[in-house]
J.: 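Let me begin by handing over the structure; questions about it come next.
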There are 2 protein chains.
Amino acid sequence: MENFQDKISEVVIRRLSDYLRCLNYAKSKGQTLIKSSDISTECGLKSSIIRKDLARFGIFGMKGKGYNIDELIKEIEKILGLNKTKNVVLIGAGNLGTAIIKYQGIKNANFNFVAAFDNNSDKIGKMIDNTKIYSNERLNGFIKKNRIEIVLLTVPSSETIKIVDSLDPKFVKGILNFTSVILPPEKNNIFIHNIDLAKELEVISYCMKKCLS
Amino acid sequence: MENFQDKISEVVIRRLSDYLRCLNYAKSKGQTLIKSSDISTECGLKSSIIRKDLARFGIFGMKGKGYNIDELIKEIEKILGLNKTKNVVLIGAGNLGTAIIKYQGIKNANFNFVAAFDNNSDKIGKMIDNTKIYSNERLNGFIKKNRIEIVLLTVPSSETIKIVDSLDPKFVKGILNFTSVILPPEKNNIFIHNIDLAKELEVISYCMKKCLS
DNA sequence: ATTTTGTAGTAAATCAATTCACAATAAAAA
DNA sequence: TTTTTATTGTGAATTGATTTACTACAAAAT
């Protein structure tokens, strides 16, 4: 399992994330088995692609019955790397940063929100929802000491590049960049994903226009 | 132009958005012409796909010279529906909502940020960066009166469904949903895009794992 | 004029993703 | 048992996206 994977495209990974949400929901309702056609309805996909996605990672169900939910959750979490908790820090404790720290969707066993960093002396030393804010000066030492793998970047755009370049790729493996500076998908072996609000608005603007014509 | 379009996939639209950013940057540096290979380097794509994307919408350059930047910007904006300003409101003026209102990337001629709405009486009547906060009660009247087409949804997840169902599809054509409730891509003829932080974390978690193995 | 150079436009080829359609098989029913 | 039913697993077909590779121009250089 997991080693006879050829190239997995990002859309497959995004679907796995959808399946996971769907599975957790089914589990919360007390289900223990699930059919590919149930996942398919819930996620708005054809059932065949779900079976194919899973088979590709060596996950198989039971003919005539479906898939075991617990097992499926465990396998998908393993594929996504969610089986080991990852330490996360947030840089930039402004409104957006604060919102993210407070956000429910990531208060999750898989991501351990260790600390926040900011330059504003009014904020340093304060807490946001059990997360302490430290001075940016202490960032790199902290990352090293606490084995931080993921950085959420919510600083003003003018600081983006400087901070990204300062992160030690020995520890930091991924950045979620919320600033309006668009970064490349990889830099110094750190994976970067941009959350690009302007682009999302443009895409929805296009969809709206199509719907009218 | 624009009517011999077959089916345009979202990836093409996302690329157009990238081209637009690149073009505006080139324009800001005083360029008036641009080659597909320049856009290609900047956006990390093959030049041929750029030419093909543009040709598909009836946009052509000059052989041996390249494309006229101003013209290209105008055409892409037209395709994305950015030529007409769209009125936008934000519902939920918490940290995330406040951050979005203050966000530079959308202070843009194409999207007119008209108002914010919230239930919290402490906030009602206040301003965030020139945007006034109104009571949720006034939402639907406001949408009708001010021809609001886009809603940015930053309320607590418990309120998501109620608010989405209350929006009048006669006016609202698109929703950007930032709550942790995942909504379908379309509902009552309103296009919906989810900004799903949990999914982004899962995707980057997968990428990080791949990079190590 | 003629040749060279540079870049667009695009048909054909390739590569990738999705769907179809059905055999395999396990459980339930008869 | 045997038959029926349900659902997986997957090869083949299809559909879609990207890349290659080359032609067509237009401008600049000779």
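Letters A, B, ... are given to chains in the order of the sequence lines, protein chains preceding strands, and every chain is numbered from 1. Worth saying up front: this structure is predicted, and the values here are computed from it rather than measured. Values reported hereafter were calculated over all heavy atoms of this structure, with side chains retained and with hydrogens, waters and symmetry mates removed.
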J.: What does the B/S/- profile of nucleotides 13-20 of chain C look like, 5' to 3', with a 4.0 Å heavy-atom cutoff to protein?
T.: ----SSBB
J.: Could you list the residues that satisfy salt bridge (charged side-chain N to carboxylate O under 4.0 Å, His left out) with A:Asp118, not counting sequence neighbours?
T.: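 Applying salt bridge (charged side-chain N to carboxylate O under 4.0 Å, His left out) to A:Asp118 gives none.
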J.: Ignoring hydrogens and angles, tell me if any N or O in the side chain of B:Ser205 forms a donor-acceptor pair with the backbone of A:Leu80 under 3.5 Å.
T.: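 Judged by distance alone, yes, a pair lies under 3.5 Å.
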J.: Taking salt bridge (charged side-chain N to carboxylate O under 4.0 Å, His left out) as the definition, give me every residue that meets it alongside B:Glu200, ordered by chain and number, with sequence neighbours left out.
T.: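 Only A:Arg14 meet the salt bridge (charged side-chain N to carboxylate O under 4.0 Å, His left out) criterion with B:Glu200.
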J.: State which residues pass side chain to side chain contact (heavy atoms under 4.5 Å, CB included) with A:Asn83; sequence neighbours excluded, sorted by chain then number.
T.: A:Lys78
J.: Between atom CE of A:Met208 and atom CD1 of B:Ile190, what is the distance when rounded to the nearest 0.5 Å?
T.: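 That separation rounds to 10.0 Å.
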J.: Please determine, by modelled atom types, if A:Thr131 and A:Asp129 share a side-chain donor-acceptor pair under 3.5 angstrom.
T.: no
J.: Not counting sequence neighbours, which residues clear side chain to side chain donor-acceptor pair (under 3.5 Å) with A:Thr154? List them please.
T.: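 Applying side chain to side chain donor-acceptor pair (under 3.5 Å) to A:Thr154 gives none.
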J.: Work out which heavy atom in B:Lys209 is nearest to a heavy atom in A:Ile79; give both atom names and the distance.
T.: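 The answer is CE-O, 2.8 Å.
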J.: Could you give all pairs that pass the side-chain hydrogen bond (donor to acceptor under 3.5 Å, both in side chains) test and reach residues 24-35 of chain A, with sequence neighbours left out?
T.: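 Sorted result for residues 24-35 of chain A: A:Lys27-A:Asp70.
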J.: Test of understanding: with side chain to side chain donor-acceptor pair (under 3.5 Å), list the residues that count as partners of A:Ser40, not counting sequence neighbours.
T.: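 Testing A:Ser40 for side chain to side chain donor-acceptor pair (under 3.5 Å), a comparison that skips the adjacent residues, returns none.
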J.: In residues 25-43 of chain B, what residues come within less than 4.0 Å of DNA chain C, judged by heavy atoms?
T.: B:Lys35, B:Ser36
J.: Figure out the CG/C1' separation between B:Leu54 and C:dA8, and round it to whole Å.
T.: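 Distance, rounded to whole Å: 11 Å.
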J.: Check nucleotides 24-30 of chain C against the protein and report each pair of N or O atoms closer than 3.5 Å, with its distance, or say if there are none.
T.:
none

J.: Mind checking salt bridge (charged side-chain N to carboxylate O under 4.0 Å, His left out) for A:Asp53 and listing every partner two or more places apart, or none if nothing turns up?
T.: A:Arg15
J.: Under 4.0 Å from any heavy atom of chain A: name the first and the last nucleotide of DNA chain D that qualifies, 5' to 3'.
T.: D:dA6 to D:dA12
J.: Please enumerate all residues that pass salt bridge (charged side-chain N to carboxylate O under 4.0 Å, His left out) together with B:Glu159, with sequence neighbours excluded.
T.: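 Partners of B:Glu159 under the salt bridge (charged side-chain N to carboxylate O under 4.0 Å, His left out) test: none.
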